[in-house]
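The chain is numbered in sequence order, starting from 1.
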Amino acid sequence: MGILTWIIFGLIAGAIAKALHPGKDPGGWVITIIIGILGAMLGGWLGSMIFGVDVTGFNFSSFLVAIGGSVLLLAIYRMVTKK
């Protein structure tokens with residue numbers, strides 16, 4: 001259930017990250033949602049390593065970690081692809 005949870009969180013978190021971090025992205029919404037999925041997984045990994053957040057399913061703390069990871073990865077993506 002862990003990977004499926006992060007994929008679903010990532011879909012939602014990618015859209016929220018786009019709303020929190022607006023601007024022109026090179027890939028549009030599709031890339032933003034993919035970054036959301038990867039960011040949610042990154043956030044889950046970092047959250048468990050640094051903060052000890054245990055991902056047990058759909059709960060508020062897991063959702064915040066997913067959004068945080070998505071915003072972080074979106075910011076990194078923008079810095080890397082900036083012309």
Side-chain angles (χ1 to χ4, degrees):
M1 171 109 173
I3 297 295
L4 181 61
T5 301
W6 286 116
I7 289 172
I8 293 170
F9 275 163
L11 290 171
I12 299 167
I16 292 173
K18 176 71 174 171
L20 291 175
H21 203 260
K24 186 170 172 94
D25 289 325
W29 277 95
V30 174
I31 297 297
T32 303
I33 290 175
I34 291 170
I35 288 173
I37 293 169
L38 295 174
M41 291 180 185
L42 173 68
W45 179 72
L46 287 175
S48 66
M49 296 295 288
I50 296 171
F51 303 115
V53 175
D54 187 27
V55 179
T56 57
F58 291 106
N59 56 41
F60 190 68
S61 64
S62 297
F63 192 61
L64 288 179
V65 168
I67 292 172
S70 297
V71 169
L72 175 68
L73 198 59
L74 182 60
I76 292 170
Y77 176 72
R78 284 186 180 174
M79 286 191 299
V80 169
T81 60
K82 195 173 189 178
K83 293 181 181 180

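- In this structure, the separation between CG on Leu11 and CD1 on Ile16 is 11.0 Å, given to the nearest 0.5 Å.
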Show every donor-acceptor pair shorter than 3.5 Å between a side-chain atom in residues 66-76 and any protein atom, with sequence neighbours excluded, or say none if there are none.
| residue | atom | partner | partner atom | Å |
| --- | --- | --- | --- | --- |
| Ser70 | OG | Gly36 | O | 3.0 |
| Ser70 | OG | Ala66 | O | 2.9 |

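- For the atom pair OH (Tyr77) and CG (Leu38), the distance works out to 11.5 Å, reported to the nearest 0.5 Å.
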